*Asks:* 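Below is a structure I'd like to ask you about.
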There are 4 protein chains.
Amino acid sequence: MSAGTLPSPGPGRPRSVEAHRAILDATLELVAEVGFDQLSVARVARRSGVSKATVYRRWPSKLPLVIEAFSELPTLEAPDNGNLVDDLIALLRQFAEILRDTPLARVLPVLAGECAHDPELSALLAPQIKARRAPLIQALERAVSRSELPPDIDLEASVDVIMGPLVTRMLFTGAEIEPDNVRRFVEAALFGINRLRSD
Amino acid sequence: MSAGTLPSPGPGRPRSVEAHRAILDATLELVAEVGFDQLSVARVARRSGVSKATVYRRWPSKLPLVIEAFSELPTLEAPDNGNLVDDLIALLRQFAEILRDTPLARVLPVLAGECAHDPELSALLAPQIKARRAPLIQALERAVSRSELPPDIDLEASVDVIMGPLVTRMLFTGAEIEPDNVRRFVEAALFGINRLRSD
Amino acid sequence: MSAGTLPSPGPGRPRSVEAHRAILDATLELVAEVGFDQLSVARVARRSGVSKATVYRRWPSKLPLVIEAFSELPTLEAPDNGNLVDDLIALLRQFAEILRDTPLARVLPVLAGECAHDPELSALLAPQIKARRAPLIQALERAVSRSELPPDIDLEASVDVIMGPLVTRMLFTGAEIEPDNVRRFVEAALFGINRLRSD
Amino acid sequence: MSAGTLPSPGPGRPRSVEAHRAILDATLELVAEVGFDQLSVARVARRSGVSKATVYRRWPSKLPLVIEAFSELPTLEAPDNGNLVDDLIALLRQFAEILRDTPLARVLPVLAGECAHDPELSALLAPQIKARRAPLIQALERAVSRSELPPDIDLEASVDVIMGPLVTRMLFTGAEIEPDNVRRFVEAALFGINRLRSD
DNA sequence: CAGTAATCGAGACGGTACGTCCCGTCTTTAT
DNA sequence: ATAAAGACGGGACGTACCGTCTCGATTACTG
């Protein structure tokens, strides 16, 4: 499926699985540390303790490498608590945990910024971004089917309203987002900022 | 005030004013087109039709150059319509217009992404970002003083709730934001996504 | 004797004889075509249709491989016609034929040029070069014993006088040397260039 | 005239004359030390203490660089002593001195060996080799006009007979050639190896 | 007649060097 | 003093090989 997949065992020395992992890990680290432009296959090789040829044997350039490394970051798992509030809280809690436990919080701004002027990256990343939003869309759709939300609601815009505040906070203020403190953002999205009291 | 200020007229040939403008314009163009990393003083000079020395005579590196160019992008002007809804609509309309009419829509993601791993840029850009949010904070404070909002509201989080959806949309979907269509996002922020009907 | 000798038949798969020949032939071809530096064991393997391991199993590096390949080129056979002129003509005719029929004409300049800055190659090649001159030395010695030449003649210098013109021609002008046309060079060496009429 | 010529003084910083010299000197040294293949622009730059760009700004590749460096080695100056023997002795003495005082003795075998499999180098070097033989041709022509040599003599072959022994000696035995000891080779060429007594 | 052991092809691996490109600095002449 | 032009040292990158290595498959002797 992915570009760097280990091939079926044919003749010759098999590809190193350790190298594979080390390369993907180093890629993610470097995207977070130095950005997409400063990233290069040579640098990935250096960081991962692998020769350049070993990287190029698997990925033709840094672009598919970054795409694959990004795709291995954990995604949201769709919950089903029977009501929208709890579903959204569960999803945003997962999201906050991922931001806390993986490099995603620093990788995402970098890639978003790069997408603004790199159509090729943009084209490859868009489906992944869409896939990562899917669990939220599904939760909203279930809410509609349960009549918690009106049927003509704009689902995409709703996702923006739910995720936007957290994403913006991550982007510009670099502030930590407490997994235990996402309820207020869910309530703000569902009922408006009147509910948004200081904590 | 700014780094590239023209000096007082002394002996010798005076500095070219056209060059000054051309440099700042080229800088903004290049940030939008190729990003911050690919930007370089040499490239700015090439694009603006000026020699490298002419740029270096005014700015010691690309960093203050970018900062100054960014600072010249238009900011939000604080309105006062006497009620929060209209203030927010006016502000978001301005924001949408700026996104439409200036390179900001592409410059902002680039710089935000760069800030994620460039503390120096981050330190210089943070005050500007804060200043750009100030009109929103003020509008909210006026709403509190008018008792439109409870006094213990989290102002910063509120700004995130208001701006976040639009910013996210700009960042990830690259979707155009219609200046005439910001009302629904204001209402969604104030009263929740139940109000967020498809248009 | 040689480095690549086939081992005594023991257990296991025996070494391929065809591979052996193909490797030596390819080596000589490549020395002639691309020179000594551009030559590599990998390249020899590629050209001879053999895996690299098969070459390395027989020769530890390209150096002994080249030496052995060179040693298999035909050498001069000492004639004895009873007089110096006919002996030299026979020898030079052989030489011209070898130049015409084998890659020697292109291999020799390459190796000579390499010897100028490669002491290791030089040390291994010098005995072979000396051996190839031996028949000429012997012919001259017989001429001395027959009183065709004075006893205090400088044998080595004489060989240079005899071979030098042909070698120089081979090296710099790349001109073909006609086996039927060596008599004039023998006469020129023996009696001086007064005898060297245009043909 | 040559590829690396310093350009006419226009705008901009002028090219460094020291760098020019250092590059050509380093080129000649390296040809003598490591050969033509191991030579590279990068290596020349390293040896001459100059950046690679500085070399590439003047010569597009190592080939014209080597050609120009070679062309600056001293050439034979045509004497005119009124008789062939003294002319040839003077020429060969010059040749021996050049071999002793310059890197030519090691450069020439390298380039000759390379020419055997590099048509491009061969094409560029042939005219220079021809030019270096010209003084000998002229001396022979004068001898013909003075009736010292028959009119139908083969001039090119004569040059080979005269130079060949020395060149061969230089190539294969690496032996030093004493400038004071060239007379015997001249006599051997003119009157045959009977005159070639040990010294 | 199996079993063992060396050979063979294929190809992954770390390493090295190259030519290209571009940068920021420096040095010139011309306004 | 400023401006344009361009040479300079330096550094990083992607490419291309090399020699070594690890595999599975093949092939002959040997127990």
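Letters A, B, ... mirror the listed sequences (proteins, then strands); counts begin at 1. All figures in this text were calculated on a predicted structure; none of them were measured in a lab.
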*Asks:* Sort me out a list of protein N/O and nucleotides 10-13 of chain F N/O pairs below 3.5 Å, or just none if empty.
*Replies:*
from, atom 1, to, atom 2, distance (Å)
dC13(F), OP1, S40(A), OG, 2.4
dC13(F), OP2, R46(A), NH1, 3.3
dC13(F), O5', S40(A), OG, 3.4

*Asks:* Going by the rule salt bridge (charged side-chain N to carboxylate O under 4.0 Å, His left out), which residues pair with R43(B) if we only count those two or more places apart in sequence or in a different chain?
*Replies:*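 By the salt bridge (charged side-chain N to carboxylate O under 4.0 Å, His left out) rule, R43(B) matches no residue at all.
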
*Asks:* Does some side-chain heavy atom of F36(C) sit less than 4.5 Å from a side-chain heavy atom of D118(C)?
*Replies:*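 A side-chain contact under 4.5 Å exists here.
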
*Asks:* Any idea which of dC8(E), dG9(E), dC8(F) is nearest the S16(C) side chain?
*Replies:*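 My answer, after comparing the listed nucleotides, is dC8(E).
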
*Asks:* Could you state the atom-to-atom distance from NZ of K62(C) to P of dC17(F) in whole Å?
*Replies:*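 Distance, rounded to whole Å: 15 Å.
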
*Asks:* How many whole angstroms separate atom CG of D37(A) from atom P of dC21(E)?
*Replies:*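 Atom-to-atom, D37(A) to dC21(E), this comes out as 19 Å.
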
*Asks:* Using a 3.5 Å distance criterion without hydrogens, assess whether the side chain of S71(C) forms a donor-acceptor pair with backbone atoms of E68(C).
*Replies:*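 Confirmed, S71(C) side chain pairs with E68(C) backbone.
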
*Asks:* Looking only at N and O atoms, is any donor in the side chain of R13(A) or the base of dC13(E) less than 3.5 Å from an acceptor on the other one?
*Replies:*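 Result: no qualifying N/O pair found.
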
*Asks:* So T54(A) and S48(A), do their side chains get closer than 4.5 Å, heavy atoms only?
*Replies:*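 Counting from C-beta outward, S48(A) and T54(A) never come under 4.5 Å.
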
*Asks:* Counting only side-chain heavy atoms from C-beta out, which of dA28(F), dT7(E), dG14(E) sits nearest to R15(C)?
*Replies:*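 Nearest to the side chain of R15(C) among the choices is dT7(E).
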
*Asks:* Say whether H20(B) and R58(B), considering side chains only, have a donor N or O and an acceptor N or O under 3.5 Å apart.
*Replies:*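 Judged by distance alone, the side chains do pair up.
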
*Asks:* Do L121(D) and I67(D) come close enough that some side-chain heavy atom pair is under 4.5 Å?
*Replies:*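 Yes, at least one pair of side-chain atoms sits under 4.5 Å.
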
*Asks:* Quick one: side chains of residues 105-116 of chain B, donor-acceptor pairs under 3.5 Å with protein atoms, not counting sequence neighbours, listed by atom name and distance.
*Replies:*
from, atom 1, to, atom 2, distance (Å)
R106(B), NE, A116(A), O, 3.4
R106(B), NH2, A32(B), O, 3.4
E114(B), OE2, H117(B), NE2, 3.3

*Asks:* Write down the distance between CG (L30(D)) and C1' (dC18(E)), rounded to a whole number of angstrom.
*Replies:*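 Atom-to-atom, L30(D) to dC18(E), this comes out as 15 Å.
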
*Asks:* Just how far, in rounded Å, is P of dT27(E) from CD of E18(D)?
*Replies:*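 These atoms are roughly 13 Å apart.
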
*Asks:* Provide, to the nearest angstrom, the distance between the CH2 atom belonging to W59(A) and the P atom belonging to dT15(F).
*Replies:*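 Spelled out: CH2 on W59(A) to P on dT15(F) is 16 Å.
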
*Asks:* Report yes if at least one side-chain N or O of T54(D) is closer than 4.0 Å to OP1 or OP2 of dG9(F); otherwise report no.
*Replies:*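 Yes, because at least one side-chain N or O of T54(D) sits under 4.0 Å from OP1 or OP2 of dG9(F).
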
*Asks:* To the nearest Å, how far apart are F36(C) CZ and dC18(F) P?
*Replies:*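 Between P of dC18(F) and CZ of F36(C): 14 Å.
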
*Asks:* On DNA chain F, does the nearest nucleotide to P11(A) precede the nearest nucleotide to R57(A) from the 5' side, or the other way round? Give the residue.
*Replies:*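 So the residue in question is R57(A).
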
